[in-house]
Student: 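Mind having a look at this structure? Questions to follow.
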Amino acid sequence: MTVSGKSKYALPVFHENFAKAAAAASGNDVLRAVTTSAALKKDGGRKKILAELPDAEGLRALAKQIKSHVLDNFDYYLAQFADKVRAAGGVVHFAATAAEANQKVVNIARENNCRVIVKVKSMATEETQLNAALSAAGMTPIETDLGEFIVQLAEDRPSHLIMPVMHMNRQQIGKLFAKFFGVPYTDDPPTLAEMARVYLRDRFNVADMGVSGVNFGIAETGSIVICTNEGNGRMCTTRPRVHVALMGMEKLLPRFADLGVFLKLMARSASGIALTQYTNIITGPRRPEEHDGPHQLHIVILDNGRRRILGSEYRDVLRCLRCGACLNACPVYRTIGGHAYGTTLPGPIGSLLAPLLNGIDRHPDLPQASSLCGACLEACPVQIDIPELLIHMRRDLAAGAPPSTPAPPHPTTAWTERVLFGMWTFMLATPWRYRLAQAFQKFFLRHLASSREGWISRLPGPAKGWTQARDFPVPPERTFRQWWKERRP
Ligand code: SF4
């Protein structure tokens, strides 16, 4: 696993050839099966549980309004949050880049003589590649979320925002555990989970420092909120003597009362459950009268390109909660999985954020990685209009607007497209030409439809790209016009 040009990218880039990676991933039947099944299950759970709320749409609109209000008054709430954290005994650090954030965490660890560091799952630390920085400084970071722990053992990378090992099946995990723990192979999920639990329990006992992300930072009280389902968040943030939280600066909420809106929406959207199993609300480090909790709480507030986005027409992406609902709803993500996107943020939201943070010239394919079906917008708890923003980005890409340097169109594609669109325009110009084209197309496709009942598995010529990853439906015997003519009184 390599990250190219870490220092110059805001998001780590694992590869830049989306088209090639997507084609390979869509041809991987095992990957497609596990990704599709897990994503559809989560997406179905989200729809079902949101339908049980009396006014889910009203709640989503309110969440959007609160987040937009924070973005409109960003400096005010950021300053208020920092003041309140300090007043509660915490230490606030500001990091302009991923490298700066990592350096600050390493410095805190060094100053406090911390060697073993337990981590809660966090997209911000994935964004900065904190584990690599800690390891390079001679420390031992240990992921304690089961999925992230598996990713770390496999020296792999997450393929989903909240289900990091979505791309692996239990047989693969069983083999990995047998090798790591030196035990006989099993793919029984409770047995595998128990092995990890016993191993991690020991690590919690010896860890000097806990690192977490932040789901919400509340400006009114200086509290940070960390939502987990495995209880490891509570272990990481209470047991070690130092707690460092890495927080993307867009995670702010104005008031404590706003939290309820987001807690109601986030778990439902992410996992199809009413509430995460553990919701930790932390305000400052351990107080003298308290028996547990860290002696120090450091909050590192990460910019890493967010302020640049705040001043652009794409600012709505800063409402993102990293819930992963748009990934589960997206037919493109379900077909190719997360690794094909080439960065730590896959799926529809990643298709926006990677070009915004790293430059469109690095990811010219990602704005096209969507059918614009609108499923991501429908799924998003804070109503980010991802399709609309992707269209804006395609416009920027076509116009060569800063910061993009669009790749020139492939000459063959450009030539083929011109001929095909020319023919299309000619055929649509008069009704009789359209009918003729329709009859020809029907004859042509029905003649090809030999491989499978009702479906064409392989189209010839330039159309073959369509059937590389999906079948094409055979046109029905009668056209709609014929059907309508027969039914009309
Ligand atoms: S864009 Fe919306 S649905 Fe996608 S991860 Fe962010 S909050 Fe969740």
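Note that the coordinates shown come from a computational prediction; the quantities given were computed from them, not determined experimentally. For the numbers below, each heavy atom of this structure counts, side chains included, while hydrogens, waters and symmetry mates do not. Whatever order the structure lists ligands and atoms in, that order sets their numbers, starting from 1.
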Student: Write out the residue and atom name of the closest protein heavy atom to atom 3 (S) of ligand 1, then the distance separating them to 0.1 Å.
Tutor: C326 N, 3.3 Å

Student: Could you list which atoms of ligand 1 come closer than 4.0 Å to a heavy atom of I349?
Tutor: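 In order of numbering, the contacting atoms are 1 (S).
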
Student: Would you call D187 and R170 a salt bridge, using N to O less than 4.0 angstrom?
Tutor: yes

Student: Quick check on P381 - does any of its heavy atoms sit under 4.0 Å from an atom of ligand 1?
Tutor: yes

Student: Start with the C-alpha gap between Y77 and D72, add the side-chain angles, then the distance that decides, and say whether side chain to side chain donor-acceptor pair (under 3.5 Å) holds.
Tutor: CA-CA 10 Å; Y77 286 118; D72 290 343; over 6 Å; no

Student: Ring-plane angle category for Y341 and F18, please: parallel below 30°, perpendicular beyond 60°, tilted otherwise.
Tutor: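 Answer is tilted, since the angle falls between 30° and 60°.
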
Student: Checking only N/O/S atoms, does C323 have one that is under 2.8 Å from atom 8 (Fe) of ligand 1?
Tutor: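 A backbone or side-chain N, O or S atom of C323 is under 2.8 Å from atom 8 (Fe) of ligand 1.
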
Student: I'd like to know if atom 6 (Fe) of ligand 1 has an N/O/S atom from C320 within less than 2.8 Å of it, counting both backbone and side-chain atoms.
Tutor: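 Short answer: yes, at least one N, O or S atom is under the cut-off.
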
Student: Would T125 and T128 count as a side chain to side chain donor-acceptor pair (under 3.5 Å) if you check the C-alpha gap in whole Å, the side-chain angles of each, and the deciding distance to 0.1 Å?
Tutor: CA-CA 5 Å; T125 59; T128 65; 5.9 Å; no

Student: Which heavy atom of the protein is the closest neighbour of atom 7 (S) of ligand 1, given with residue, atom name and distance?
Tutor: L321 N, 3.2 Å

Student: Which residue holds the protein heavy atom closest to atom 2 (Fe) of ligand 1, what is that atom called, and what is the gap in Å?
Tutor: C380 SG, 2.4 Å

Student: Going through the checks in order, is the salt bridge (Lys or Arg N to Asp or Glu O under 4.0 Å) test met by E313 and R395?
Tutor: CA-CA 13 Å; E313 65 174 304; R395 177 208 60 200; 2.6 Å; yes

Student: Could you tell me, atom by atom, which parts of ligand 1 come under 4.0 Å of a heavy atom of I386?
Tutor: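 The atoms of ligand 1 under 4.0 Å from a heavy atom of I386 are 1 (S).
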
Student: Measure the spacing between CZ of R203 and CD of E143 and express it to the nearest 0.5 Å.
Tutor: 14.0 Å

Student: One residue to check: L327. Relative to ligand 1, which of side chain, backbone, both or neither has a non-hydrogen atom less than 4.0 Å away?
Tutor: neither

Student: Quick check: H298 with H243 (ring centres under 6.0 Å apart)?
Tutor: no

